[in-house]
A.B. asks: 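Please find one structure pasted underneath; my questions will follow.
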There are 2 protein chains.
Amino acid sequence: MTHFRKSPICSNCNDCNRRSPLFSLLNDEELEAINKDRFEVQYRAGEMIFKQGSASSHVMMLTSGLAKIYLETNSRNLILKLIKPIQMFGGPGLFLDNRNYYSAAAIEDSTVCFIGQENFRQAVRSNPDFAEKFIEHINRSAIFTFGRFTDLTQKQMPGRVADALLYLSKEIYQAPRFSISLSRQELADMTSLSKESFIRILKDFKEEGIIVLNGDDISIEKMSALEKISQVG
Amino acid sequence: MTHFRKSPICSNCNDCNRRSPLFSLLNDEELEAINKDRFEVQYRAGEMIFKQGSASSHVMMLTSGLAKIYLETNSRNLILKLIKPIQMFGGPGLFLDNRNYYSAAAIEDSTVCFIGQENFRQAVRSNPDFAEKFIEHINRSAIFTFGRFTDLTQKQMPGRVADALLYLSKEIYQAPRFSISLSRQELADMTSLSKESFIRILKDFKEEGIIVLNGDDISIEKMSALEKISQVG
DNA sequence: AGAACTTATTGATTTATGTCAATTGCAAAG
DNA sequence: CTTTGCAATTGACATAAATCAATAAGTTCT
């Protein structure tokens, strides 16, 4: 009997199995070992999940809500990606020095499932399919980062704002119309722009009829125009 | 009897064993499988090794020379990192869609050893230590990329030029004095600056006595000043 | 050595983007 | 319903960095 509640969405690891291509490769025994140790923590919007530089002892799955993965620098934060259910995060320091190389924070109220590193590691060792799939996952992350890399270093403001909107629409909310739960500052942090600049471009898009904007409600009216802007940079 | 020559530095995989922490974990059998299939290709300075978007069928080791890994975009190239002997490259598309997500080209005359993907994959599957070490390697790359990411998006010109010089001095040439084999354009591509801007900052450093510059010969006179500039950004 | 190229350097100018400051809008607390 | 505080917006201005154009310095070829 514990006072830590498990989220309704994740009563046991079979839920993750159904939703994550990675865990479905585990056999009963491996799964049970992970399931036995795992625990969940609930975060309020805005709360930090872990901080860059701190010790990293678990692999994490976001089971509800929305979180941001971001790099902290002298001056500002740079949001690398958003995490939605059910996605894994917390990886890079694993198998290395067990430290976090980025920070994570909840954007909406969120639930995170913590999987013991040892169990995870054991699964990698004992299950080659799992190991391959995990490598695939890491590589996919690396490729995603490359994309961000070129986008942020080579495109100018309109292209980057378009990228952010397309990312939110296609990857996160999966709809042309959505109510955004990120602040303007966070949107700017996604694009490595100042919030003022981000707002200005957003206003331009609105005036050009590419989007309809009402506070936090955004509707993309001319998807192809936005894609064009993203491509041109 | 083949007309493809093997490089003197890499007569067989034991050389890589001695030099790469990764391959030393393989047993004789795994090593022999890899050794049997591997082949080497020699590149002249400037030649491309593979191109972003093309099919990726091998893991590669640079056994001699110097190469650049770079992302190609509409407008310019962005050098992600340099590869020197003996380092592995060519990874991200493996275990995924077997395509290259960046380009590679020789900066100096170079030799590349190609390791069949299937053999490599088999080693990952059969040898958990190797798998772990490989994951460690990928994670290290990811972390390196994060560093580049923040450097290029957050620092301004002097900080980025300082980063490039420090990287060349500490990681690549491992000396405070070196003769650079990259063109000014390539140096600019490392920092995501125009070549004119890079040259101007280099000139500033020279005038401030931080470096002595003579064509392609660079001597870092005030290492700590350069580190300071790098940190401040 | 000179011609034809390419690469590096420098200067003048334009442009993109950040910063600072003021105002507005909105939500929580009394 | 007002007050208080914070986020969003807008405008004016400053500055970092790119671009364009001209010259200089090397390279390669003959």
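We name chains A, B, ... by the order of the sequence lines, and we start the count at 1 in each one.
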A.B. asks: Could you walk me through whether A:Ser54 and A:Arg99 pass the side-chain contact (heavy atoms from CB on, under 4.5 Å) check?
C.D. replies: CA-CA 6 Å; A:Ser54 66; A:Arg99 294 183 64 195; over 6 Å; no
A.B. asks: Heavy atoms only: give me the nearest A:Thr63-A:Val112 pair and the separation to one decimal.
C.D. replies: OG1-N, 4.2 Å
A.B. asks: State the CD1-CD1 distance between B:Ile83 and B:Ile172, to the nearest 0.5 angstrom.
C.D. replies: 8.0 Å
A.B. asks: I need the CZ-P distance between A:Arg184 and C:dG18, as an integer number of Å.
C.D. replies: 17 Å
A.B. asks: By ring-ring contact (aromatic ring centres under 6.0 Å, His included), which residues pair with A:Phe146, not counting sequence neighbours?
C.D. replies: B:Tyr102
A.B. asks: Do B:Met61 and B:Gln87 have side chains that approach each other closer than 4.5 Å (heavy atoms only, starting at C-beta)?
C.D. replies: no
A.B. asks: Can we say B:Glu221 and B:Arg177 salt-bridge, meaning some charged N sits less than 4.0 Å from an Asp/Glu carboxylate O?
C.D. replies: no
A.B. asks: If we only count heavy atoms from C-beta on, is the A:Glu227 to A:Lys170 side-chain gap below 4.5 Å?
C.D. replies: yes
A.B. asks: In whole angstroms, how far is the P atom of C:dT19 from the NZ atom of A:Lys195?
C.D. replies: 10 Å
A.B. asks: Taking DNA chain C as the partner, which of residues 201-214 of chain A come within under 4.0 angstrom of it by heavy atom?
C.D. replies: none
A.B. asks: Angle between the end axes of the helix from C:dA1-D:dT30 to C:dG30-D:dC1, five pairs per end, to the nearest 10 degrees?
C.D. replies: 40°
A.B. asks: Could you check how far CG of A:Leu182 sits from C1' of D:dA7, rounded to whole Å?
C.D. replies: 14 Å
A.B. asks: Would you mind building the protein contact string for nucleotides 12-22 of chain D? One character per nucleotide, 5' to 3', B for base within reach (heavy atoms under 4.0 Å), S for sugar-phosphate only, - for untouched.
C.D. replies: B---SSSBB--
A.B. asks: Please write out the pairs of protein N or O atoms and N or O atoms of nucleotides 23-26 of chain C separated by less than 3.5 Å, giving the distance to one decimal.
C.D. replies:
none

A.B. asks: Sequence neighbours left out, what pairs pass ring pair (Phe, Tyr, Trp, His ring centres under 6.0 Å) with at least one residue falling in residues 170-224 of chain B?
C.D. replies: B:Tyr173-B:Phe178
A.B. asks: Does B:Glu186 use its side chain to pair, donor to acceptor, with the backbone of B:Ser183 at less than 3.5 Å?
C.D. replies: yes
A.B. asks: How long is the span from the CG atom in B:Leu193 to the CG atom in B:Leu187, to the nearest 0.5 Å?
C.D. replies: 10.5 Å
A.B. asks: Between atom CG in B:Asp216 and atom P in D:dG26, what is the gap in whole Å?
C.D. replies: 10 Å
A.B. asks: Looking at B:Glu72 and B:Lys51, does any basic side-chain N land under 4.0 Å from a carboxylate oxygen?
C.D. replies: yes
A.B. asks: Just to verify, which of A:Asp163, A:Leu166, A:Val161 counts as forming a side-chain contact (heavy atoms from CB on, under 4.5 Å) with A:Leu226?
C.D. replies: A:Leu166
A.B. asks: How many angstroms lie between CG in A:Asn100 and CG in A:Asp97, if you round to the nearest 0.5 Å?
C.D. replies: 9.5 Å
